[in-house]
Protein chains: 2
Amino acid sequence: MGHLTYFKLTNQRAIIMEFLKDNINHPSVDDVYNYVVAKLPRTSKKTVYANLEFLAEKNIIKQIEVKGVKRYDPNIKEHYHLVCRSCHRIIDLLPTEINSKHKIDSVTMYGTCKNCLKRK
Amino acid sequence: MGHLTYFKLTNQRAIIMEFLKDNINHPSVDDVYNYVVAKLPRTSKKTVYANLEFLAEKNIIKQIEVKGVKRYDPNIKEHYHLVCRSCHRIIDLLPTEINSKHKIDSVTMYGTCKNCLKRK
DNA sequence: GTTAGTTAACAACAATTGTTATTTAAATCT
DNA sequence: AGATTTAAATAACAATTGTTGTTAACTAAC
């Protein structure tokens, strides 16, 4: 009876992690689900949600949100995302590339504001 | 019979615009709806959606999206938004303020990528 | 073998979009 | 000016989509 929390490497989880590894397409839950269900047909979508949330919480992947849809990125190094309104791709941008030739019309950042930082 | 499109200043639309004017709270559709329905009780939520979309399309307001929920900003001057994960406020940041004392963990930009710009 | 973590199979929810008949603001015609 | 016309806008739904909640059954690791 371990007192430390651990996590189990279930088949579903292994497949999800395999799919995400080196995936630069910022897949949605459905993208992941479609891949998993092809290999393990009885997988439920809730399981995929749970695993992606779990992995994001453990900082193994990053969760982003594009047009109300959650997407996941195995690249946890600092970088920005540009969502193209024309081709709908999600393009990774390094902080140094912020002044590239793309046309930006909206920037949303997530984090902790300085007021809340102070309060801790 | 006018050949140019025009737009009608309906009661609903006037109330919505009045609510948005100088509103710095980035209200959601529900925020707007609650205000409108208090003054015009039979207003449907679809009308609010339609008007906010209309105003955003005409560049009278800006639409942003936070955690899957649309929000609206009457300030159309260039500025960024910081969503605080702790106090949940949406804080306006001028481009010059980007290196302020907030802790940023995610940046998403919307726009048109350079490839799509070229193609036009 | 035991147990805590995980899963499947639902139901439920919240935000948004679709449909269509009715209403209305504004342009045009007296 | 007031009446007529018409395209835009609205109300009242239904429907859809992405997501979360519940619980009993299952399973990987101890």
Side-chain angles (χ1 to χ4, degrees), chain A residues 1-20 26-58 60-72 83 88 90 108, chain B residues 1-20 26-58 60-61 63-72 83 88 90 108 110:
Chain A
M1 199 212 305
H3 285 243
L4 295 169
T5 50
Y6 64 98
F7 79 94
K8 301 205 286 193
L9 186 59
T10 58
N11 290 337
Q12 295 84 342
R13 187 164 289 166
I15 293 170
I16 289 170
M17 291 175 78
E18 171 210 316
F19 180 66
L20 289 173
H26 311 87
S28 65
V29 174
D30 273 8
D31 294 334
V32 179
Y33 174 73
N34 289 336
Y35 182 84
V36 177
V37 88
K39 303 208 162 192
L40 267 183
R42 287 168 50 83
T43 305
S44 99
K45 202 175 275 188
K46 183 69 208 283
T47 297
V48 177
Y49 273 101
N51 273 291
L52 292 171
E53 193 184 308
F54 171 89
L55 293 170
E57 213 152 88
K58 296 276 185 266
I60 295 165
I61 61 176
K62 269 200 78 167
Q63 181 191 90
I64 61 175
E65 203 147 330
V66 175
K67 289 164 151 271
V69 177
K70 289 184 188 346
R71 290 177 164 273
Y72 295 88
V83 182
H88 305 293
I90 301 173
T108 302
Chain B
M1 200 212 305
H3 285 245
L4 295 169
T5 50
Y6 62 96
F7 82 93
K8 302 205 286 190
L9 186 58
T10 58
N11 291 337
Q12 295 85 341
R13 186 164 289 168
I15 294 171
I16 290 170
M17 291 175 80
E18 172 210 314
F19 180 67
L20 289 174
H26 312 86
S28 66
V29 174
D30 273 9
D31 294 334
V32 179
Y33 174 74
N34 289 336
Y35 182 84
V36 177
V37 88
K39 304 208 162 193
L40 266 183
R42 288 168 49 85
T43 304
S44 98
K45 200 174 278 188
K46 183 69 209 277
T47 298
V48 177
Y49 273 101
N51 273 292
L52 292 171
E53 191 184 310
F54 172 89
L55 293 170
E57 210 153 273
K58 295 276 186 267
I60 295 165
I61 62 177
Q63 182 192 91
I64 60 174
E65 204 148 328
V66 175
K67 291 165 149 270
V69 177
K70 291 184 188 345
R71 291 178 163 273
Y72 294 89
V83 182
H88 305 293
I90 301 173
T108 302
Y110 285 82

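Chain naming here is simple, since letters A, B, ... match the order of the sequence lines and numbering starts at 1 in each.
In this structure, R13(B) fails the cation-pi test against F7(B), since its NZ or CZ atom is not both closer than 6.0 Å to the six-membered ring centre and inside 45 degrees of the ring normal.
Neither OP1 nor OP2 of dT7(C) sits under 4.0 Å from any side-chain N or O of T43(A). Phosphate proximity of dA11(D) to T47(B): present, with a side-chain N or O under 4.0 Å from OP1 or OP2. Distances shown here put every side-chain N or O of T10(A) at or beyond 4.0 Å from the OP1 or OP2 atom of dA28(D).
Picking from dT19(D), dT16(C), dT7(C) the nucleotide with the shortest atom distance to the side chain of Q12(A) gives dT7(C). The side chain of R42(A) approaches dA9(C) more closely than any other nucleotide in the set dA15(C), dT10(D), dA9(C). The listed nucleotides are dT7(C), dA9(D), dT16(C); the one nearest the side chain of N51(A) is dT7(C). Counting only heavy atoms from C-beta on, K70(B) has its side chain closest to dT16(C) among dT16(C), dT6(C), dG18(D).
A donor-acceptor pair under 3.5 Å links the side-chain atoms of E65(B) to the main chain of G68(A), judged by distance alone.
Residue contacts for K46(B): at a heavy-atom cut-off of 4.0 Å it reaches a base atom on one of the strands shown.
In this structure, the NZ atom of K45(B) is 19 Å from the C1' atom of dA9(D), given to the nearest Å. Atom C1' of nucleotide dA28(D) and atom CG of N11(A) are separated by 10 Å, given to the nearest angstrom. Between D30(A) atom CG and dT19(D) atom P the separation is 8 Å, expressed in whole Å. Between the CD1 atom of I64(B) and the P atom of dA15(C) there is a distance of 16 Å, rounded to whole Å. Distance E65(B) CD to dA14(C) P: 18 Å, rounded to the nearest Å. Distance OH (Y33(A)) to P (dA9(C)): 9 Å, rounded to an integer number of Å. When rounded to the nearest whole Å, the span between OH of Y49(A) and C1' of dT7(C) equals 16 Å. What separates CD of E53(A) from P of dG18(D) is a distance of 18 Å, to the nearest Å.
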Run the side-chain contact (heavy atoms from CB on, under 4.5 Å) check on Y110(B) and I64(B) step by step: do they pass? CA-CA 10 Å; Y110(B) 285 82; I64(B) 60 174; over 6 Å; no
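Projected onto DNA chain C by closest heavy-atom contact, K8(B) and V69(B) fall at different nucleotides, the more 5' of which corresponds to V69(B).
You'll find the side chain of V36(A) stays beyond 4.5 Å of the side chain of T47(A), heavy atoms only.
Separation of atoms CG (L52(B)) and CG (L20(B)) is listed at 6.0 Å; rounding is to 0.5 Å.
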